[in-house]
Amino acid sequence: MNILSYLQENGKRSYSEISRYLDVSEGTVRSRINKMLENEVFEFIIHTNPNKVGLYVQAIIGFSTKLGEQDNIAKSLQQFPEVRFIGAFSGKHDLIIQAYFEDNDSLVRFVNEELAHIDGILSADVNVELKQYKDSFSYVIRQ
């Protein structure tokens with residue numbers, strides 16, 4: 001198991017604890033982590049539980065956009081604090097966002113008042129999460 005695997009299991013692990021698991025010096029662990037941070041291999045973030053901070057509605061919204069407007073729309077969507085993720089995709093939707101809301105009324109307001117005013121959005125396919133089975137930011141393949 002490598003350094004990233006240990007950090008993903010518990011991001012609060014100390015360098016000395018990781019060094020004991022890997023049987024290397026604490027300085028080696030510190031050096032490798034600093035190098036990965038410099039190379040943007042990973043970053044330390046705080047992952048908040050949306051429900052615990054009053055955000056009970058998660059929506060995945062797929063957009064069809066007017067040709068040539070995808071970048072402008074994505075830039076417009078970046079301004080909204082409700083939006084956690086924006087990505088361009090192939091397939092049915094040109095852009096897909098993930099957004100969190102206090103309640104369904106907040107989501108409806110967002111769609112009808114905010115999205116409706118962004119030029120170039122042809123349609124929005126709103127999908128509300130009913131039940132979550134997994135939420136992970138772990139991308140390391142274990143060996």
Side-chain angles (χ1 to χ4, degrees), residues 1-15 17-19 21-24 26-143:
M1 192 177 285
N2 62 32
I3 292 171
L4 285 177
S5 295
Y6 284 114
L7 288 173
Q8 286 185 327
E9 282 179 2
N10 179 356
K12 296 188 295 183
R13 278 202 166 118
S14 69
Y15 294 164
E17 183 180 352
I18 295 170
S19 71
Y21 286 130
L22 297 177
D23 198 27
V24 297
E26 184 177 336
T28 298
V29 171
R30 180 178 288 103
S31 173
R32 289 178 185 170
I33 288 175
N34 287 336
K35 185 170 180 137
M36 286 188 282
L37 288 168
E38 287 171 19
N39 292 328
E40 299 179 350
V41 172
F42 76 97
E43 60 184 325
F44 287 108
I45 62 167
I46 295 174
H47 178 66
T48 306
N49 180 335
N51 294 148
K52 299 291 185 181
V53 295
L55 301 172
Y56 301 104
V57 177
Q58 179 193 166
I60 304 293
I61 305 173
F63 298 99
S64 294
T65 64
K66 183 177 176 186
L67 289 176
E69 292 297 316
Q70 186 179 53
D71 284 345
N72 293 332
I73 294 167
K75 287 175 185 161
S76 294
L77 292 168
Q78 289 175 12
Q79 72 177 320
F80 298 106
E82 298 89 349
V83 176
R84 189 199 75 77
F85 168 85
I86 304 168
F89 288 82
S90 63
K92 182 178 178 181
H93 302 294
D94 303 315
L95 291 172
I96 296 177
I97 69 170
Q98 178 185 35
Y100 288 91
F101 304 91
E102 293 176 4
D103 52 34
N104 287 334
D105 288 339
S106 298
L107 169 58
V108 171
R109 270 193 303 281
F110 177 76
V111 171
N112 290 327
E113 296 174 16
E114 305 295 350
L115 296 181
H117 292 100
I118 299 176
D119 290 332
I121 294 178
L122 299 176
S123 66
D125 180 19
V126 180
N127 299 275
V128 175
E129 178 186 71
L130 300 177
K131 182 177 181 179
Q132 189 170 96
Y133 291 98
K134 182 177 181 180
D135 183 11
S136 171
F137 288 97
S138 178
Y139 308 108
V140 174
I141 298 173
R142 297 179 188 247
Q143 299 175 12

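- Smallest separation of non-hydrogen atoms from Q79 and S76: CG-O, 2.9 Å.
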From CA spacing to verdict: side-chain contact (heavy atoms from CB on, under 4.5 Å), Y21, R13: CA-CA 11 Å; Y21 286 130; R13 278 202 166 118; 3.6 Å; yes
Which is it for E82 and E114 under the side-chain contact (heavy atoms from CB on, under 4.5 Å) test, yes or no, and what are the steps along the way? CA-CA 11 Å; E82 298 89 349; E114 305 295 350; over 6 Å; no
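- One finds the CG atom of L22 at 8.0 Å from the CG atom of N2 (value rounded to the nearest 0.5 Å).
- In Q132, the CD atom is crowded: over 12 heavy atoms of neighbouring residues, nucleotides or ligands sit closer than 6.0 Å.
- The shortest distance between side-chain heavy atoms of L55 and E102 falls below 4.5 Å.
- With a 4.5 Å cut-off on side-chain heavy atoms, I18 and L7 count as touching.
- A donor-acceptor pair shorter than 3.5 Å cannot be found between the side chains of N34 and S31.
- Counting all heavy atoms, side chain and backbone alike, L107 lies closest to V128 at CD2-CG2, 3.6 Å.
- Summarising the geometry of F44 relative to G11, their closest heavy-atom pair is CE2-O, 4.2 Å, with the distance given to 0.1 Å.
- Taking all atoms of both residues into account, the shortest heavy-atom contact from L4 to F42 is CD2-CD2, 3.4 Å.
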Give the C-alpha distance, both sets of side-chain angles, the deciding distance and a yes or no for side-chain contact (heavy atoms from CB on, under 4.5 Å) between I118 and F80. CA-CA 12 Å; I118 299 176; F80 298 106; 4.0 Å; yes
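- Applying the 6.0 Å contact sphere to CG of L67 captures no more than 12 heavy atoms from other residues, nucleotides or ligands.
- Atom CZ of residue F63 and atom CD1 of residue I73 lie 8.0 Å apart, to the nearest 0.5 angstrom.
- Side-chain contact between Q58 and Y100: present, with at least one pair of heavy atoms (C-beta onward) separated by less than 4.5 Å.
- At distances below 3.5 Å, not a single donor-acceptor pair connects side-chain atoms of N39 with backbone N or O atoms of V41.
- Taking a 6.0 Å sphere around NE2 of H47, one finds it holds more than 12 heavy atoms contributed by other residues, nucleotides or ligands.
- Counted within 6.0 Å of CD on E17, heavy atoms from surrounding residues, nucleotides or ligands total more than 12; the atom is thus considered enclosed.
- With hydrogens and angles disregarded, no donor-acceptor distance shorter than 3.5 Å links the side chain of Q8 to the backbone of S5.
- A donor-acceptor contact shorter than 3.5 Å is absent between the side chain of Q70 and the backbone of A88.
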Assess the residue pair F110 and L115 against the criterion (side-chain contact (heavy atoms from CB on, under 4.5 Å)); give the C-alpha distance rounded to whole Å, side-chain angles, the decisive distance to 0.1 Å, and a yes or no. CA-CA 6 Å; F110 177 76; L115 296 181; 3.7 Å; yes
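- Contact detail for N51 and N49: the closest heavy-atom pair is N-OD1, 3.0 Å.
- Between K92 and S64, the shortest heavy-atom distance links the atoms O-OG, 4.0 Å.
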